[in-house]
Amino acid sequence: MQVNENKEFQPLIVAFCCNWCSYAGADLAGTNRLNYPDNIKIIRVPCSCRVNPMFILRAFQRGADGVILCGCHPGDCHYTSGNYFTRRRMTLLFSMLDFLGIERDRTRVEWVSAAEGAKFAATMNEFTEAVKKLGPNRRLEDLRCRKQ
Amino acid sequence: MQRIGVFVCHCGTNIAATVDVKAVAEALGREPGVIVSQDYQYMCSESGQNLVKNAIKEHKLTGVVVCSCSPRMHENTFRNAAASAGLNPYLVEIANIREQCSWIHKDIASATEKAIILGKAAVAKVHLNAPLTAGESPVVKRALVIGGGIAGIQTALDIAEAGFDVDIVEKKPTIGGKMAQIDKTFPTLDCAACILTPKMVEASQNEHITIHSYSEVADVKGFVGNFTVTIKKKARFVDETKCTGCGLCTEKCPMKKVPNEFNMGFDNRSAIYIPFAQAVPKVATIDPNNCMMMKTGKCGVCSKVCSAGAIDYKQEDRLIEQQYGAIVVATGFEPIKLDKYDEFAYNQCPDVVTSLELERLMNAAGPNGGTLLRPSDKTHPHKIVFVQCVGSRCDDSKGKPYCSKICCMYTAKHAMLIREKYPDTEVYVFYIDVRTPGKNFDEFYRRAVEQYNVHYIKGMVGKVTPRSDGKIDVQASDLLANEQLHIDADMVVLAAAIEPDKTARPLATMLTTQMDTNDFFTEAHPKLRPVESATAGIFLSGACQGPKDIPETVAQASAAAAKAIVLLVKNSITCNPCVAHSDELMCNGCSSCEKVCPYGAITYIDKEFKMPDRTIAVRRVASVNPAVCQGCGACTVACPSGAMDLNGFSNSQIIAEVDAICK
Amino acid sequence: MQEAMINKAKQLLADGVVDRVIGWKRGEFAYDITPAVFTSAEELDESFVYDDFTAANVSKYLVKESRKDGKVLAFLKPCDTYSFNQLVKEHRVVRENVYIVGIPGGPKLDAEKIKAKGITGILSVKNENYTLKIETVYGEESMPFYEAVLDKCASCKSKKHVIYDELMGEEGDVLDSNRFDMVEKLENMTAQERYDFWREQLSKCIRCNACRNVCPACTCEKCVFDNPDSGIENKAPADSFEENMFHIIRAFHVAGRCTDCGECSRVCPQNIPLHLLNRKFIKDINAFYGEYQAGEDAVSRAPLNEYKQNDCEANIVHERGVE
Amino acid sequence: MNKNLKEQVLRSSGVNVLKCMRCGKCSGTCPSYDEMEYHPHQFVYMVERGDIETLMNSKSIYKCLTCFACVDRCPRNVEPAKVVEAVRLAAIRQQGNNHINPNQIPGMLDDDMPQQAIVTAFRKYIK
């Protein structure tokens with residue numbers, strides 16, 4: 001995304017949502033007409049544990065400025081334990097990205113249930129603001145993918 | 001070459017008011033591989049679906065993208081439409097431009113731009129979609145019921161009545177469970193034995209039911225429709241097929257000082273015993289820990305008196321293996337141990353008893369032949385104090401956080417029965433709340449108060465002190481009178497909390513089913529699937545799922561039976577095709593995927609591979625059972641080599657979506 | 001030690017206990033010691049080497065060797081036994097086909113550190129009372145022994161063998177090492193400083209794949225970076241992203257499985273401290289999920305294949321340390 | 001109702017009075033029950049309602065033996081004794097003096113007094 005002097009920086013954010021809770025939560029936000037920025041683009045996955053760190057890096061490579069991963073609340077996973085594995089994997093991955101000096105606010109995990117449309121919208125608003133503050137992703141981008 | 005059709009829905013004005021649907025259709029029409037791109041008022045309508053179907057036929061489409069509402073709403077609609085037009089249903093993708101676009105954005109330009117991006121992601125994904133076929137797996141027409149209490153018996157009877165074979169596995173020598181120990185049942189006060197024992201007999205005589213008493217489940221393998229269960233038949237040292245249940249051995253057995261579990265230890269039984277008169281199967285069992293013959297090799301009286309020649313001191317535990325299509329868990333409950341409640345003096349004073357013990361003390365078949373006597377001195381108690389919620393509703397380490405649900409009612413029952421039979425006995429009930437939500441339950445409780453003059457006192461007993469004169473000092477608060485009471489009681493009855501049977505947790509591990517922190521089995525959905533576990537083919541019956549009274553248990557038992565029958569009537573079950581699969585050439589056989597699979601769907605086989613140098617190498621590789629896999633994808637990330645992938649949500653598909661979104 | 005090991009190997013070969021021996025032999029230079037397989041007493045006498053430069057961990061070679069017919073003798077240093085045990089856990093080696101003789105470990109020497117002192121043309125070294133006597137083509141030189149020790153040995157975590165059939169020499173203990181000091185130092189830098197540090201380091205990467213090829217945890221039949229279908233196939237880094245990605249993914253793939261043997265950094269021709277990435281994961285795992293040492297046993301679950309209901313949330317990363 | 005006082009009591013006691021399920025077991029178990037105008041369960045409830053001043057002005061706060069029977073037996077882990085203690089502290093802080101003077105204590109001792117009461121008495125003075 002481009003920073004334009006007279007136009008506010010608009011980050012590109014990829015949101016991975018599990019089919020059973022968070023994707024349904026996003027649907028509920030829609031049903032209730034709860035606004036959140038169009039910067040958010042949702043990718044549906046069966047469970048948050050389907051999200052490979054590779055996908056997150058790929059998103060950053062291709063120009064995403066933030067990646068958020070949403071799943072069922074711990075204990076509520078449709079597949080019983082998927083989000084527990086997600087939690088460990090993402091904790092370690094985010095810690096590693098932080099260790100490499102990548103801004104920690106570019107990544108996030110949130111638990112959003114199918115009933116939490118309001119939380120989904122609020123989370124997305126908040127996350128978009130946080131990423132906006134950071135500006136464009138420069139530390140983990142692939143120069144060849146930078147948009148002109 | 002892909003031939004993809006894009007269909008953009010207006011959803012009336014739901015989408016069209018905020019998203020320029022024409023522009024979306026036009027933009028997506030320019031995407032590679034898209035040969036037709038249309039918009040329509042209502043895609044999900046009959047004519048909308050026909051539009052899709054006709055386009056599939058006319059343009060020989062290889063993939064369909066519908067830009068419409070959430071896939072959770074109409075994915076199946078469009079998949080079915082595609083299937084009816086001859087396109088594999090899994091070649092359909094939905095771009096959610098309503099819930100996740102038009103409904104949340106106001107600006108037409110940016111909403112349209114986003115809708116196009118979402119559409120492009122779906123097009124990119126559908127390029128990589130593979131036709132999937134739902135597999136089928138056969139169903140073994142036999143059910144296993146674990147637990148032979150009223151829940152297990154009812155479930156087994158119902159399944160048998162539908163014409164399927166059922167096996168009951170019961171760890172005790174007889175079926176009947178806790179209900180067999182109960183005297184009367186609320187709210188009708190009919191005798192438990194009178195309504196239970198006919199069912200026990202019915203179960204034993206039903207040609208479809210096999211009872212494995214004194215047996216345990218040792219191992220469970222397999223999956224819905226095809227479980228292989230190993231049952232351990234514990235040695236009872238009596239040949240079940242020969243024993244007639246005459247009981248002569250139990251009379252002649254010289255070892256008669258064994259505490260009788262059935263009567264809660266209030267009297268004794270012999271080392272060879274039949275738990276109670278109506279036991280099913282009515283077969284004697286030798287308790288090897290107390291049998292002289294087993295311990296010292298000297299005795300053999302039972303063997304001598306048994307005319308059927310059924311005694312076999314050399315009998316050993318036996319393992320039998322059986323296939324089942326469905327498993328119903330009915331492991332029931334136990335009252336909690338009260339060791340941690342010193343204030344109630346349960347371990348100190350024999351006249352402080354639990355409610356289940358009181359059942360036996362009052363039972364006509366109990367130790368006192370139905371006369372209520374104090375266990376300590378066998379005198380008639382004139383003042384009895386009941387304490388509610390002992391260990392229930394606790395937030396501490398001693399008790400359970402839940403309400404045990406049945407105590408309010410059985411205490412009212414006990415109080416009423418005592419007042420009925422012994423009008424000279426005063427009965428006090430200390431309660432926190434009286435919870436009677438059930439048909440005729442509150443009326444029952446009110447009868448105890450109004451008709452039988454049971455003293456219900458709102459407050460809790462703080463301390464129970466046995467006195468040297470044989471009385472028991474009960475110190476309690478009366479919250480409504482705002483005073484502290486001291487009652488000289490003759491007996492104290494504690495309504496101990498109930499907890500799941502100790503065998504439940506190891507069983508849950510074997511069955512790969514979920515449990516909550518209290519060890520109750522978790523239902524697949526608390527409202528809509530209350531008798532199924534989250535693991536397909538495993539159903540829940542009775543108190544193993546949560547505290548329940550008899551009517552509720554029976555209702556759930558029949559519901560679980562119905563669910564099991566629904567499964568058993570099928571010859572085969574259709575599996576979700578969106579399952580994981582492993583690329584054997586890349587698999588390391590490292591077991592990471594197996595460790596994270598919640599369903600035990602992954603096993604390993606040693607497979608021969610022809611190597612480039614023409615040698616043959618044997619490698620351990622993962623193999624996914626598509627009937628068991630539910631498609632979560634946990635294994636795909638655990639796999640370091642990327643050998644494991646998920647149908648419908650493959651690595652390349654998700655990456656294509658990421659790329660399309662980030663373009 | 002070398003003599004005793006050759007005798008042990010000869011005897012086991014003669015007794016028919018093993019058919020082959022995996023050990024080391026000398027390359028072109030004195031300090032150039034590489035793993036090698038020996039099948040006869042003559043070969044052993046001729047070229048079997050075990051000296052202060054013998055640092056290479058042979059356990060990874062057993063992935064292939066243990067699948068061949070017959071039994072192979074492997075001499076494993078304490079750190080190597082952890083790697084081997086981890087491979088046993090992951091079913092990557094056939095335990096029955098390996099006869100393990102545990103041998104005392106390092107500290108081993110780093111030829112680069114000797115060269116850095118301006119000492120070249122090394123012919124042989126001798127440790128005399130912790131002074132290193134170095135014979136070179138230009139004459140004898142000396143330097144303090146500990147200044148020439150490999151980094152991975154300087155922060156040795158254990159002198160204990162976790163798996164073996166037979167031990168030579170004394171058994172040691174698990175040590176209190178200072179191995180996380182550098183990770184901690186980096187953690188306490190600002191994000192910009194960390195970024196600059198790693199950019200400087202990782203930009204040196206020439207993707208020779210030495211780290212991957214030597215790593216006993218990297219034994220995939222096919223590496224995702226070599227697989228065109230994986231979505232991240234990458235032969236050589238074109239820019240900073242690809243330099244980062246390779247090392248992040250590689251470290252993540254071995255997270256919870258890396259025994260911290262330090263081979264990756266030892267073999268890196270560009271001297272990138274790659275082991276710090278692995279140690280970061282180990283340190284985090286220890287802090288978040290309890291102490292865990294990969295390879296310590298062959299049964300426990302790897303931390304990433306396990307969970308607790310009350311595990312910390314991912315935002316713990318946001319809450320601690322330096323922004 | 002004095003909101004600040006309630007907050008002070010809640011904070012200094014560390015007790016969540018909303019956990020109380022009103023079973024009265026604390027009062028059922030209390031050995032000082034008859035001495036007290038307000039009983040342990042009432043302390044919990046009145047603090048919940050914010051009626052702290054009434055409690056502070058009652059002698060009840062000095063009748064609690066701090067024997068912790070209520071704390072031990074409360075099924076909900078509410079810890080009523082800590083509430084009593086907190087109210088008493090609030091009273092002392094406000095008045096700036098003690099219920100009795102430490103010098104008076106030796107004269108008040110008698111053989112029947114439980115040791116616990118003596119220890120407790122000392123706990124009730126600011127150092």
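Quick note on labels: first sequence line is chain A, next is B, and so on, each numbered from 1. Quantities reported herein were computed from a predicted structural model and do not represent experimental measurements.
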**Message:** Taking every non-hydrogen pair under 4.5 Å, which of B:A111, B:S102, B:S70, B:C69 racks up the most with chain A?
**Reply:**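 Of B:A111, B:S102, B:S70, B:C69, B:S70 has the most heavy-atom pairs under 4.5 Å with chain A.
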
Point-to-point distance, once rounded to the nearest 0.5 Å, from [atom1] of [X] to [atom2] of [Y]:
X      : Y      : atom1 : atom2 : value
B:E99  : A:Y23  : CD    : OH    : 8.0 Å
B:C632 : A:N19  : SG    : CG    : 12.5 Å
A:D65  : B:C662 : CG    : SG    : 9.0 Å
A:W20  : B:R72  : CH2   : CZ    : 7.0 Å
B:W103 : A:D27  : CH2   : CG    : 9.0 Å

Could you look at [X] and say if it's the side chain, the backbone, both or neither that has a heavy atom under 4.5 Å from chain A?
X      : result
B:I117 : side chain
B:K125 : neither
B:A634 : both
B:N14  : side chain

**Asked** Run the side chain to side chain contact (heavy atoms under 4.5 Å, CB included) check on A:Y36 and B:Q100 step by step: do they pass?
**Response** CA-CA 9 Å; A:Y36 57 87; B:Q100 290 172 13; 4.1 Å; yes

**Item:** Region of A:A24 in contact with chain B, defined by heavy-atom distances below 4.5 Å
**Value:** both

**Asked** Going by residue number, which parts of residues 37-57 of chain A are within reach of chain B, meaning a heavy-atom gap below 4.5 Å?
**Response**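 So the qualifying residues are A:P37, A:D38, A:I40, A:K41, A:I42, A:I43, A:R44, A:V45, A:P46, A:C47, A:C49, A:R50, A:V51, A:N52, A:P53, A:M54, A:F55.
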
**Prompt:** For A:F16 and B:V658, what are the C-alpha separation, side-chain angles and deciding distance, and is it a side chain to side chain contact (heavy atoms under 4.5 Å, CB included)?
**Reply:** CA-CA 10 Å; A:F16 291 98; B:V658 169; 3.8 Å; yes

**Asked** Taking C-beta and beyond as the side chain, do A:R33 and B:I104 meet within less than 4.5 Å on heavy atoms?
**Response**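 They are not in side-chain contact.
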
